[in-house]
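Quick note on labels: first sequence line is chain A, next is B, and so on, each numbered from 1.
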2 protein chains.
Amino acid sequence: MEYTQQSGARESDAPATREEVAEALERLAFLAVRHLTNRDISFTAASTLGRLSREGPSRLTALAADEGVTQPSMTQLIQRLERQGLVTRVDDPHDGRVVLVAITDAGRELLAERRHGRTNRLAELLATLPPEDEQALATAVRAATPAFQRLVENAARARKSPGNTAS
Amino acid sequence: MEYTQQSGARESDAPATREEVAEALERLAFLAVRHLTNRDISFTAASTLGRLSREGPSRLTALAADEGVTQPSMTQLIQRLERQGLVTRVDDPHDGRVVLVAITDAGRELLAERRHGRTNRLAELLATLPPEDEQALATAVRAATPAFQRLVENAARARKSPGNTAS
DNA sequence: CTGCCTATATAGAGGCATGATATAAAACTA
DNA sequence: TAGTTTTATATCATGCCTCTATATAGGCAG
């Protein structure tokens with residue numbers, strides 16, 4: 001748990017501790033959530049649609065487990081999405097108990113619209129910055145993207161099998 | 001609206017477009033909602049508590065406007081928070097209509113706990129990265145912070161008076 | 001005092017999550 | 001095969017959170 005500041009590649013005076021990075025990322029996340037969130041459907045609904053789009057028809061319980069909600073919640077969510085025409089339910093011929101949920105074309109369209117909406121909003125926001133600031137953000141993003149990608153993967157792994165912070 | 005890639009400080013081959021930055025922020029928002037969210041109180045509740053902590057006792061309608069929800073929603077939210085002992089309501093002696101909402105010590109404690117929880121979770125996540133990745137994130141975060149700060153300010157301004165992307 | 005504006009509350013509806021429990025199909029088990 | 005258990009999904013009751021529409025009450029202008 002202890003963290004001693006490694007010396008190297010330090011040129012400024014501010015201490016770039018792990019906690020400092022964590023707090024800065026928190027502020028970033030707050031903005032993103034605050035100004036990028038669509039209010040039309042819930043986060044779980046959007047995430048579930050995205051999963052169905054990426055991974056194809058899935059069982060209710062599998063969706064519930066993957067999204068971290070209970071099975072009754074997922075049942076209700078799927079019922080709402082079905083009412084909105086965003087998903088369909090098909091019986092599994094091999095197992096009379098299961099229901100396979102699949103995304104519809106309307107669901108895919110909604111996903112695409114949401115993605116465009118967010119990107120456009122953010123692009124407009126970025127356009128309000130002076131060019132140096134935008135350049136600085138672009139450079140930082142490109143430098144951080146590979147590491148951040150691994151961070152996200154580790155987070156997903158930690159969610160599936162919690163309690164393995166040290167290997 | 002058009003965006004031509006400015007040449008300068010470019011050393012890699014990937015195009016650092018505005019859309020690339022937007023996507024990175026989107027992924028960050030997803031990580032935050034997915035892995036950093038506390039389920040004890042809602043986002044609006046936490047944000048309102050934070051505002052009360054920073055700005056002191058406020059009117060219901062002011063809170064509703066600042067948080068971007070309707071007045072009845074804020075009334076209900078404040079009722080719940082009062083039931084939980086996180087805020088108190090005081091009558092304004094100068095105006096019999098208004099109710100001033102103030103955060104309690106318990107509310108401040110909850111805020112601090114949430115902040116620590118998030119920071120710790122993020123710090124644990126950062127600890128799973130190889131040192132080069134962590135260093136890269138630290139450097140990127142420090143480089144991006146000033147520009148990002150201005151982005152946040154612009155975003156808040158845009159929220160209050162929409163439709164003024166160009167000044 | 002009358003009438004309007006403002007600040008807050010209430011009512012009703014729906015989305016979104018929960019835990020507890022019901023139902024039906026599949027899979028064991030004896 | 002009959003009985004039990006497990007698995008997949010649904011239903012019910014509850015609470016949070018938001019909305020729109022509307023009510024109440026205080027402040028203020030004439």
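Across the protein-nucleic acid pair, B:Asp92 atom CG and C:dA7 atom P stand 11 Å apart, rounded to whole Å. B:Asp66 places its CG atom 14 Å from the P atom of C:dA7, with the value rounded to the nearest Å.
With hydrogens and angles disregarded, a donor-acceptor distance shorter than 3.5 Å links the side chain of B:Thr128 to the backbone of B:Leu125. At distances below 3.5 Å, at least one donor-acceptor pair connects side-chain atoms of B:Thr48 with backbone N or O atoms of B:Thr44. Looking at A:Ser47, its side chain never comes within 3.5 Å of a backbone N or O of A:Phe43 through a donor-acceptor pair. The backbone N or O of A:Leu129 lies less than 3.5 Å from no partner atom in the side chain of A:Asp133, so there is not a single donor-acceptor pair. B:Thr119 places no side-chain N or O within donor-acceptor distance of the main-chain N or O of A:Ala22, the cut-off being under 3.5 Å. Judged by distance alone, the side chain of B:Asp95 and the main-chain N or O of B:Arg97 form a donor-acceptor pair under 3.5 Å. Side-chain atoms of A:Ser73 never come within 3.5 Å of backbone atoms of A:Val69 as a donor-acceptor pair (strictly under, hydrogens ignored).
The side chain of B:Gln79 contributes no N or O atom lying less than 4.0 Å from OP1 or OP2 of D:dC16. Phosphate proximity of C:dA7 to B:Arg89: absent, as no side-chain N or O sits under 4.0 Å from OP1 or OP2.
Listed in residue order, the members of residues 50-64 of chain B having a heavy atom less than 4.0 Å from DNA chain D come to none. Applying a 4.0 Å cut-off to non-hydrogen atoms, the residues of residues 94-106 of chain B that approach DNA chain C are B:Arg97, B:Val98, B:Val99, listed by residue number.
For B:Arg54, the CZ atom is densely surrounded, since the number of other residues' heavy atoms within 6.0 Å is greater than 12.
Residue A:Val101 is tested with A:Ile78, A:Leu81, A:Thr88 for a side-chain contact (heavy atoms from CB on, under 4.5 Å); the sole match is A:Ile78.
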**Q.** Heavy-atom protein contacts under 4.0 Å, nucleotides 15-23 of chain C, coded B base, S sugar-phosphate only, - none
**A.** SBBBBB---

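A:Arg108 has its side chain within reach of A:Ser53: a pair of non-hydrogen atoms, C-beta onward, lies under 4.5 Å apart.
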